[in-house]
Amino acid sequence: MEKATSWEKILEHLKSRVDERDFDTWFRGTRQKSETPEAINVLIGSPLFIDYIPSEYGDQIAEAARLAGIGSREIRFLLEGNDTFRASVSPARTQASPRSKAGDLNPLYTFEHFVIGASNQLAHAASLHVADQTSHRYNPLFICGPTGLGKTHLMQAIGHRRLSRRPGERVLYVFSDTFVKDVVSGLRFNRMDQVRQRLLNADVLLFDDVQFLAGKPTTEDELFQTFNALYAAGSQIVFTSDVLPRDIPGLNDRMKSRFEGGLVVDIQPPDFETKVAILRHKAELAQADLDDETAFFLAGKIKSHVRELESYFNRVVLVASMRGEKITRELAEEALRGILPDDSQRTSPAEILKAVATHYGLKPAELRARTKREAIVFPRQVAMYVLKESIGLSLPEIGRLFGDKHHTTALHSIRKIIARREEDADFDREVAALVAQFR
């Protein structure tokens, strides 16, 4: 049996640290070219990959390399056909250091790369305040919300901003799972003083996914004591969690009280417009052209998960790059065939009515009311059009949905919307976005 290469050993550990779809997209085609006592040389087939992999997955690769027993050797990435490496990752990059450098944080997780929408506006404003101010009104800052919505991005953006404004500050980013392992190791090998001192030296402590500490009393107690010492010393503390402090199961009350003692902000799933804005931003970074139809299609398919939205977009960019083709809706559908969310359950008319009503500042009941007020009639016509275009509701069905109106009324409304779309480019994009949410 052929012996596994060092890179193959790293990939085995990396699989558990990277989303399965991301692993298939970015790592499946990589292979080791050679290795020396100083470095492991890995071949990558696309210029897009060679720039993206180390910046986006550097920390995970470094951790996987350490677990694979690679030691301190660099992992160097080379483009197929070119012996000069363009990027590298060192397993030493995530080892504990009380004085953080920007390299310890994801280089893409800055405020400049964070897309603001109604769902995250408050969390962004609070994070920006913590990053810019020396006062401690928001201490600790506790950011909560479902996975994949940008909590870690905001937390690390605080770190980047503090380091750029005050280079001498000691900014420490800690993931909860790593902290648990550090405490276990510290107890086992009688090194708890080192574990504690690492955190106590921080001017800014960024503690990610704190909910994973619940039910681990020794680790909780260590964090509690550390929190009190840092707070008394005037250090800024930021936590993230997937739920509110009071909803973390198994967490003791004194810890919940500390979390709630500053400012708690949440991030909600992004609305359609924010998802489109995120896609446009990602397209700019990738130097890719993204038309409205494709952006609306992708934003409509992903209901809540920003990380998943980015993953799907990266896959589309990859396929377009490999083929040397422009990004189109047809290419996106082909690139994502078999991995898009199941659409077997059709969107209900009620969901569409609610979305259109919300878009125009109305309630669904107002759209269905018997009134000829223009403020109601026009949004109602839009709703009829969207029902027809997005889920193919028949004219009689649309009529019955709006107080048993005759199907000719529905037809007249739909024709008016079609005519207006042809005359008004802004309105055309507005309606296209509504339709795309439910196709």
Is there a donor-acceptor pair under 3.5 Å between the side chain of N201 and the backbone N or O of Q197?
yes
Can you confirm whether D291 is buried at CG, in the sense that more than 12 heavy atoms of other residues, nucleotides or ligands lie under 6.0 Å from that atom?
yes
Please say whether the positively charged group of R258, taken as NZ for Lys or CZ for Arg, lies over the ring of F224, i.e. under 6.0 angstrom from the six-membered ring centre and within 45 degrees of the axis.
no
Before giving the answer on ring-ring contact (aromatic ring centres under 6.0 Å, His included), spell out for F427 and F378 the whole-Å C-alpha distance, their side-chain angles and the decisive distance to 0.1 Å.
CA-CA 12 Å; F427 178 70; F378 179 68; 5.6 Å; yes
Give a yes or no answer on whether the side chain of T226 reaches the backbone of E222 with a donor-acceptor pair at less than 3.5 Å.
yes
Donor-acceptor under 3.5 Å (E8 side chain, T5 main chain)
yes
Can you establish whether the number of heavy atoms outside R280 located under 6.0 Å from its atom CZ is more than 12?
yes
Rounded to the nearest 0.5 Å, the CD1 atom of I143 sits from the CG atom of L122 at a distance of 10.0 Å
Do T240 and D208 meet the criterion of a side-chain donor-acceptor pair at a distance under 3.5 Å?
yes
Heavy-atom donor-acceptor pair, S127 side chain to A123 backbone, under 3.5 Å
yes
So does Y231 have more than 12 non-hydrogen atoms from other groups sitting under 6.0 Å from OH?
no
Sub-3.5 Å donor-acceptor pair from the side chain of K33 to the main-chain atoms of F77, do we have one?
no
Compare every heavy atom of T147 with every heavy atom of K151, then report the nearest pair and how far apart it is.
NZ-CA, 3.8 Å
Heavy atoms only: give me the nearest A157-F111 pair and the separation to one decimal.
O-CE1, 3.4 Å
Do D209 and S176 have side-chain N/O donor and acceptor atoms under 3.5 Å apart?
no
Does K275 use its side chain to pair, donor to acceptor, with the backbone of P270 at less than 3.5 Å?
no
Pairing of R421 and E430 as salt bridge, 4.0 angstrom limit:
no
Are a donor atom and an acceptor atom from the side chains of H13 and E63 found within less than 3.5 Å of each other?
no
Any salt bridge between R73 and E38, counting N to O under 4.0 Å?
no
Backbone N/O of D182 and side chain of S185: donor-acceptor pair under 3.5 Å
no
For D289, is there an ion pair with K326 - N to carboxylate O distance below 4.0 angstrom?
no
Would Q32 and N41 count as having a side-chain donor-acceptor pair, cut-off 3.5 Å?
no
Within the side chain of T358, is there an N or O that forms a donor-acceptor pair under 3.5 Å with the backbone of K354?
yes
Distance-only, no hydrogens or angles: does the R170 side chain make a donor-acceptor pair with backbone N or O of D203 under 3.5 Å?
no
What closest approach, in Å, do V243 and C144 show between heavy atoms, and which atom pair accounts for it?
O-CB, 3.4 Å
Could you report the tightest heavy-atom contact between A64 and L14, atom names first, then the distance?
CB-N, 3.8 Å
Are a donor atom and an acceptor atom from the side chains of D271 and T274 found within less than 3.5 Å of each other?
yes
Taking the basic N atoms (NZ, or NE/NH1/NH2) and the acidic carboxylate oxygens, is any pair closer than 4.0 Å for R254 and D221?
yes
What is the minimum heavy-atom distance between H113 and L285, and which atoms define it?
CE1-CD2, 3.3 Å
Just do the ring-ring contact (aromatic ring centres under 6.0 Å, His included) check on Y109 and H160 with the steps written out, would you?
CA-CA 8 Å; Y109 285 178; H160 278 297; 8.4 Å; no
Indicate yes or no for a side-chain donor-acceptor contact from E366 to the backbone of G361 under 3.5 Å, with no hydrogens or angles considered.
no
Aromatic plane relationship, F179 with F207 - under 30° parallel, 30 to 60° tilted, over 60° perpendicular:
perpendicular
Can you check whether Y57 and F27 have ring centres sitting under 6.0 Å from each other?
yes
R196 and Q225: side-chain contact (heavy atoms from CB on, under 4.5 Å), yes or no, with the steps?
CA-CA 9 Å; R196 293 178 184 125; Q225 301 301 334; over 6 Å; no
